[in-house]
Amino acid sequence: MANRIVETLGQYLSGHPRLAGVVARLLIPVEKVVKIPIFDCRMCGQCILHSTGMTCPMTCPKNLRNGPCGGVRLNNHCEVKPEMVCIWYNAYHRSQRLFWPEEIYDVQPPVDRQLKGGSSWVNYLIGRDQIVSGCNSEPRTALAVVPEDE
Ligand code: SF4
């Protein structure tokens, strides 16, 4: 039921890009207020928290989105920031405590810098977060279809 509502809403917004842009503008402050304090969100506009045990992959110094690099230290800390535990170590263990542990294995598209600062919720609804920039002629973000002066 919920999936169907999300799907219908996404289809509607995809067909009405101007409205999608307006909704995105309204949701960006909400996302900032909710996700920055709770998840240390970096507003990448392409959220995969659901698949990473609610651990933000953008807090990885290398912004890796499909698991750790080869430099994880023996104490599970980051090679770039030795004082910090590898976010993928946390992501894996946290994901296994959720009701959808298999999602950690989903292959994620590469991070798309053009989505930064946008609404990940709207980008998810319209499927924009699964498209790699340069591979299609669709609007790059929901915001891109509404000029700044409108
Ligand atoms: S994945 Fe992106 S949108 Fe999600 S919490 Fe991290 S920076 Fe924010």
Side-chain angles (χ1 to χ4, degrees), residues 2-3 5-7 9-14 16-73 76-136 138-146 148:
N3 281 353
I5 293 172
V6 167
E7 200 176 306
L9 188 57
Q11 282 170 356
Y12 187 80
L13 288 177
S14 296
H16 299 80
R18 187 171 291 269
L19 176 62
V22 171
V23 174
R25 281 187 196 287
L26 293 173
L27 287 180
I28 288 169
V30 181
E31 282 198 46
K32 285 182 176 172
V33 166
V34 173
K35 290 165 63 180
I36 291 176
I38 298 178
F39 302 112
D40 197 11
C41 169
R42 309 295 165 91
M43 292 300 289
C44 74
Q46 193 180 11
C47 198
I48 57 170
L49 277 179
H50 198 266
S51 301
T52 55
M54 310 309 285
T55 308
C56 176
M58 301 308 283
T59 58
C60 163
K62 298 179 183 178
N63 293 171
L64 298 180
R65 294 172 72 92
N66 279 296
C69 67
V72 185
R73 294 166 189 262
N76 301 317
H77 282 223
C78 172
E79 75 168 347
V80 179
K81 293 185 176 176
E83 68 281 7
M84 131 184 187
V85 174
C86 171
I87 77 102
W88 283 101
Y89 177 85
N90 287 334
Y92 177 76
H93 289 285
R94 290 173 184 166
S95 72
Q96 299 309 294
R97 294 198 291 269
L98 299 176
F99 291 115
W100 52 93
E102 69 289 349
E103 269 197 38
I104 190 80
Y105 301 108
D106 288 355
V107 177
Q108 305 295 340
V111 66
D112 187 342
R113 306 286 175 189
Q114 294 190 8
L115 298 179
K116 187 168 175 55
S119 169
S120 69
W121 294 336
V122 170
N123 288 332
Y124 168 75
L125 284 171
I126 63 176
R128 177 60 187 85
D129 59 357
Q130 295 296 314
I131 300 169
V132 180
S133 289
C135 295
N136 69 90
E138 298 297 315
R140 291 191 300 273
T141 72
L143 283 177
V145 297
V146 180
E148 283 294 330

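Quick note: numbers below take in every heavy atom, side chains included, and nothing from hydrogens, waters or symmetry partners. Counting starts at 1 for both ligands and their atoms, following the listed order. If you read the sequence from its start, that first residue is 1, and numbering goes on from there. As the structure is a prediction and not an experimental result, all values here were calculated from the model.
- When each of Thr55, Asn66, Thr52 is checked for a side chain to side chain contact (heavy atoms under 4.5 Å, CB included) with Trp88, only Thr52 meets the rule.
- None of Pro110, Cys69, Pro57, Cys86 except one satisfies the side chain to side chain contact (heavy atoms under 4.5 Å, CB included) rule with Leu64; the exception is Cys69.
- Between the side chains of Glu103 and His50, a donor-acceptor pair is found at a separation under 3.5 Å.
- For Asp112 and Arg128, the salt-bridge test passes: some basic side-chain N is under 4.0 Å from an acidic carboxylate O.
- No more than 12 heavy atoms of other residues, nucleotides or ligands shown are found within 6.0 angstrom of OH on Tyr124.
- For Glu31 and Ser120, the side-chain atoms include at least one donor-acceptor pair closer than 3.5 Å.
- Here the protein contributes Cys47 SG as N, O or S atoms under 2.8 Å from atom 4 (Fe) of ligand 1.
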